[in-house]
Amino acid sequence: MQHVNRRTLMTAAGLAGMAAILPTGTAAAALPGRCGEHAWCDPGLSPDERAALVLREMTLDEKISLLGGDDLAGAAGFGHTGTGHGVERLGIPPVYYGDGPVGSRQGSGTSMPSGVSLAASFDPELAKTYGATVANEVRCKGNDVVFGPTVDVLRIPTSGRVFEGFGEDPYLSSRIGVGWAAGAHSEGVMVCVKHFAAYTQEGQLGVVGSRMLYNAVVDERTLREIYLPPFEAAVREAGVGAVMGSYNRVGGQYACEHQWLLNDLLKHEWGFTGYTIADYAAMHSTGNSLANGMDFEPWPALVYSPAAIRTALAMGQAATSDVDEHARRILRTMFAHGIFDRPEYPNDDGQIDKPANLATAGRVAEQGMTLLRNDGLLPLDPDALRGKTIAVIGEAAEKFVQGGGSSSTTPYSFVTALQGIQQRGAEAGITVVHEPGKTPDAAREAARNADIAVVVVSDMMSEFLDKPNMDLDSGIGQFPPPAVGNPFADQDAIIEAALEGNADTVVVLETGGPVNTPWRYRTRALLEAWYPGANAGTALARVLFGDVDPGGRLPLTFPNSEDDVPTAGDLARYPGKGLDVHFTEGVLVGYRHYDAHEIEPAFPFGHGLSYTTFAYSDLRVSAEKVSVVVTNTGARTGHAVPQLYLGLPSPREDVPQPPRQLKGFAKLTLEPGRAASVEFTLTDRSLAYWDEVAGGWTVAAGDYRVEVGESSRDIRADGAFTVGAERPAR
């Protein structure tokens with residue numbers, strides 16, 4: 001946690017309290033509920049007391065009915081993504097579930113920028129706005145629960161769901177995830193965070209290394225330090241009501257029937273009081289799931305069908321007490337989140353402020369757009385370009401670009417990159433022409449005949465399938481989708497040709513994650529726009545013309561070569577040998593890997609340029625607090641993102657530590673000449689590693705290196721402090 005000047009930021013405890021209070025706030029409680037006149041309908045009782053009362057009156061069949069859901073229409077995007085059965089005679093209302101992480105998939109919705117775009121903002125406050133916007137539309141479509149956010153930490157840069165998550169750093173993913181959940185709770189919607197745990201790949205060709213089959217062979221330290229922190233923060237700080245289990249196995253057990261993950265860790269150690277939900281078709285054994293902590297199976301409820309549960313009980317594979325516990329958790333969470341005590345949310349798109357939500361999508365896109373390279377070409381000067389020509393090149397420029405799978409949406413409306421630049425050009429008296437660029441010759445000619453060329457390219461990234469490589473390839477995932485057999489042209493060749501035709505060329509990447517950039521040193525400006533959502537064009541034009549400073553910083557590393565990624569050349573690491581995927585890189589994931597092995601990336605974690613410059617001064621360091629002054633030394637208002645990295649001492653040879661780990665960041669907007677003091681608070685957890693010998697978090701003795709800068713490779717100030725003796729983390 002960090003503090004900026006005197007501005008009051010919400011503490012972790014405040015976030016947890018907010019998450020617990022908002023769904024059952026006084027405004028909601030004042031409305032007539034659906035519970036009736038039963039004893040458990042008294043809102044003055046605690047959720048646990050109310051759940052115990054209703055559970056006492058339920059038959060076994062009624063309890064079993066709570067554990068499985070349905071809703072065929074939701075699978076096709078027409079209705080709820082899932083429905084939990086109620087029990088009318090007891091006043092137990094049904095529960096409706098809705099995707100998703102980037103917007104409602106129920107009919108049409110406002111398509112928000114991808115999760116990785118939000119992460120690139122490095123702005124937990126913006127994450128609250130994002131979560132609230134998504135939850136608002138999910139609620140207005142009659143849903144009680146939102147499936148999101150996705151907080152799986154990136155391990156494989158070609159994984160099909162990179163675009164959904166918040167990047168390669170567990171601290172950043174935690175902060176963005178907690179903000180997202182708090183925003184969703186403010187709309188009275190329960191949050192189901194996903195996918196728990198060590199879910200890092202979709203598989204190649206849907207078979208090799210398949211998410212449905214692979215077994216994550218991963219040590220506990222790596223789990224605790226890399227893949228679990230965002231879930232722990234969602235539970236302990238954000239107070240989420242549900243956690244979704246993943247498809248894969250961890251240490252030989254499927255995640256949705258994993259005793260240690262679901263019961264020992266989540267429910268007991270972390271104190272999770274909500275309920276667990278299986279991902280769709282992720283369950284395997286009725287008996288193991290009942291006995292090992294899985295509470296609810298959404299459509300299709302096959303493993304938790306009444307007949308299957310009855311059979312498992314009869315065969316002694318589980319006990320009726322297991323059914324009681326699962327039903328109790330579901331009921332207790334429903335009470336805690338106010339579902340009994342308010343009217344059913346109506347399914348009515350007319351409640352949605354579509355223009356306001358579209359504007360929010362544009363603001364998020366602006367703050368996520370990451371300027372990777374610029375030698376002065378940007379921002380474009382509208383006055384200097386009046387009467388001149390901009391050529392927008394590329395098929396992606398006239399498409400709505402998004403990721404595929406459960407994070408794909410059908411937008412109410414959208415503004416393409418081409419439309420946004422055309423609109424901005426018309427306002428400034430600039431001619432904007434479009435060349436699809438299906439051939440290098442066409443791209444070269446269009447660039448040559450223009451004063452400025454803007455090449456817009458995209459990749460394909462989708463749930464169900466990992467990318468074969470990091471090249472810019474075909475257009476799967478676009479809306480409307482390209483015709484079968486009509487993929488985008490060779491976009492690298494299109495970029496090369498445009499650069500040959502005109503040195504004043506801006507390359508815009510609309511990608512779900514890192515891609516190869518072999519031409520980057522020839523570009524004057526390179527902008528990563530991610531999958532920028534429904535208001536992409538408006539946001540892109542505002543960034544290109546300098547109406548707003550590009551707000552993004554990389555939440556993941558762009559490798560110089562695919563041979564440099566942590567899993568490269570090791571089939572055991574990816575896609576796995578047999579069914580086992582070996583996480584032998586340990587904690588050296590993402591930038592930690594590049595730093596530890598002294599590998600120069602194309603663009604490092606945390607990198608992102610501004611249209612102004614910043615100076616860092618007056619670094620002050622202690623084991624409890626780090627502060628630094630950031631000054632805008634340029635001529636324009638801009639966004640600074642000071643990042644705090646710690647280098648922890650290694651207590652033993654068998655406990656390698658990465659050279660640096662992100663432990664704090666802040667998002668500042670500074671006018672020219674203005675300065676701000678940023679304070680980062682350090683806790684024992686900031687300093688701790690997971691000690692597998694002691695079985696707990698431990699603060700090692702030794703020297704701790706402190707670095708503050710503009711990226712993991714652009715350190716502007718450094719210092720150190722010493723911890724005298726090893727101790728358990730408080």
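Predicted model only: the values in this text are computed from it and were never measured.
- When ring centroids are compared, Phe272 and Phe231 stay outside the 6.0 Å threshold.
- Here the closest heavy-atom approach between residue Leu66 and residue Phe296 is recorded as O-CD1, 3.3 Å.
- When side chains are defined from C-beta on, Pro532 does not count as touching Glu366, because their heavy atoms never get closer than 4.5 Å.
- Rounding to the nearest 0.5 Å places NE2 of His80 at 15.0 Å from CH2 of Trp299.
- Asp70 is listed as a side-chain neighbour of His85, based on a closest heavy-atom distance under 4.5 Å.
- Without hydrogens or angle criteria, Arg34 side chain to Arg342 main chain gives a donor-acceptor distance under 3.5 Å.
- Ser159 and Glu202 are not linked by any side-chain donor-acceptor pair at a separation below 3.5 angstrom, with hydrogens and angles left out of the test.
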Dump the intermediate steps for side-chain contact (heavy atoms from CB on, under 4.5 Å) on Leu331 and Leu55, then the final yes or no.
-> CA-CA 8 Å; Leu331 292 167; Leu55 196 67; 4.1 Å; yes

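- One distance of note links CG of Asp99 with OG of Ser104; it measures 8.0 Å at 0.5 Å rounding.
- Classification of the His38-Trp40 ring pair by plane angle, with boundaries at 30° and 60°, yields parallel.
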Give the C-alpha distance, both sets of side-chain angles, the deciding distance and a yes or no for side-chain contact (heavy atoms from CB on, under 4.5 Å) between Thr81 and Tyr280.
-> CA-CA 10 Å; Thr81 312; Tyr280 285 65; 3.5 Å; yes

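- In this structure, a donor-acceptor pair under 3.5 Å is present between the side chains of Asn143 and Gln106.
- No option in Val151, Thr150, Asp152, Val102 other than Thr150 meets the side chain to side chain contact (heavy atoms under 4.5 Å, CB included) test with Glu164.
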Intermediate values then yes/no, side-chain contact (heavy atoms from CB on, under 4.5 Å), Met369 and Leu527 = CA-CA 7 Å; Met369 288 188 183; Leu527 180 70; 4.2 Å; yes

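- Residues Cys192 and Val146 are not in side-chain contact: their nearest non-hydrogen atoms beyond the backbone lie 4.5 Å or more apart.
- How far OG1 of Thr129 is from CH2 of Trp180: 12.5 Å, rounded to the nearest 0.5 Å.
- Heavy-atom minimum distance, Ser173 versus Val153: OG-CG2, 4.3 Å.
- With Tyr304 contributing its side chain and Met294 its backbone, the two residues share a donor-acceptor pair below 3.5 Å.
- Thr370 places a side-chain N or O within 3.5 Å of a backbone atom of Gly368 that can act as its donor or acceptor partner.
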Stepwise side-chain contact (heavy atoms from CB on, under 4.5 Å) test for Arg50 and Asp42 | CA-CA 8 Å; Arg50 298 175 74 180; Asp42 179 1; 5.7 Å; no

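- Under the 3.5 Å distance criterion, the side-chain polar atoms of Lys141 are matched with a main-chain donor or acceptor of Ser108.
- No donor-acceptor pair closer than 3.5 Å links the side chain of Gln367 to the backbone N or O of Ser121.
- The minimum heavy-atom distance linking Val191 with Pro149 is given by the pair CG1-CD, 3.8 Å.
- A distance-only check finds no donor-acceptor pair linking the side chain of Asp549 to the backbone of Gly551 [under 3.5 Å].
- Side-chain contact between Asp144 and Arg139: absent, with no pair of heavy atoms (C-beta onward) separated by less than 4.5 Å.
- Residues that satisfy the side chain to side chain contact (heavy atoms under 4.5 Å, CB included) test with Glu325, not counting sequence neighbours, are Arg328, Arg329.
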Evaluate the criterion salt bridge (Lys or Arg N to Asp or Glu O under 4.0 Å) for residue pair Asp459 and Lys467; output intermediate values, then yes/no.
-> CA-CA 9 Å; Asp459 69 349; Lys467 291 170 56 176; 3.0 Å; yes

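- For the residue pair Glu398 / Thr416, no side-chain donor-acceptor distance below 3.5 Å is found, with atom types taken as modelled.
- Salt-bridge check for Asp324 with Lys63: passed, with a basic side-chain N closer than 4.0 Å to an acidic carboxylate O.
- A 4.5 Å side-chain heavy-atom check between Gln402 and Glu510 finds every atom pair outside the cut-off.
- Applying the salt bridge (Lys or Arg N to Asp or Glu O under 4.0 Å) criterion to Asp353, with sequence neighbours excluded, gives no partner residue.
- The closest side-chain heavy-atom distance from Val641 to Leu668 is not below 4.5 Å.
- Tyr412 carries Lys354 over the face of its six-membered ring, with the cationic atom under 6.0 Å from the centre and within 45° of the normal.
- The two residues Tyr130 and Ser114 make their nearest non-hydrogen contact at OH-C, 4.1 Å.
- Contact record, Cys140 with Ile352: CB-CG1, 3.5 Å, taken as the closest heavy-atom pair.
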Test side-chain hydrogen bond (donor to acceptor under 3.5 Å, both in side chains) applied to Asn248 and Ser246, step by step | CA-CA 6 Å; Asn248 56 286; Ser246 58; 2.8 Å; yes

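- Of the residues Val243, Asp295, Thr276, the one that meets the side chain to side chain contact (heavy atoms under 4.5 Å, CB included) test with Leu262 is Thr276.
- The backbone N or O of Val189 lies less than 3.5 Å from no partner atom in the side chain of Glu187, so there is not a single donor-acceptor pair.
- The shortest non-hydrogen separation linking Ile309 to Val323 is CG2-CG2, 4.2 Å.
- Geometrically, Arg175 engages Tyr171 in a cation-pi contact, judged by NZ or CZ lying under 6.0 Å from the ring centre and within 45° of the ring axis.
- Put simply, CG on Leu53 and CZ on Phe335 are 8.0 Å apart, with the number rounded to the nearest 0.5 Å.
- Atom OG of Ser407 and atom CZ of Phe147 lie 12.5 Å apart (nearest 0.5 Å).
- Between the CE atom in Met244 and the NE2 atom in His195 there is a gap of 6.0 Å [rounded to 0.5 Å].
- With Gln351 contributing its side chain and Asp348 its backbone, the two residues share a donor-acceptor pair below 3.5 Å.
- Not one N or O on the side chain of Tyr531 forms a donor-acceptor pair closer than 3.5 Å with the backbone of Val116.
- The cationic atom of Arg553 (NZ for Lys, CZ for Arg) does not lie both less than 6.0 Å from the six-membered ring centre of Phe122 and within 45° of the ring axis.
- Between the side chains of His639 and Thr669, at least one donor-acceptor pair of N or O atoms lies under 3.5 Å.
- Under the 3.5 Å distance criterion, with hydrogens and angles disregarded, no donor-acceptor pair is assigned to the side chains of Gln201 and Asp466.
- Annotation: side chain of Thr273 is in contact with side chain of Arg332 (closest heavy-atom distance under 4.5 Å).
- A donor and an acceptor atom, one from each side chain of Arg161 and Ser406, are located under 3.5 Å apart.
- With a 4.5 Å cut-off on side-chain heavy atoms, Ser117 and Met112 do not count as touching.
- Looking only at distances, no side-chain donor or acceptor of Asn535 sits under 3.5 Å from a matching main-chain atom of Ala361.
- Remark: Thr59 engages Asp61, Glu62, Arg89 in a side chain to side chain contact (heavy atoms under 4.5 Å, CB included) (not counting sequence neighbours).
- Counted by atom type alone, Gln423 and Glu427 present one or more donor-acceptor pairs between their side chains at under 3.5 Å.
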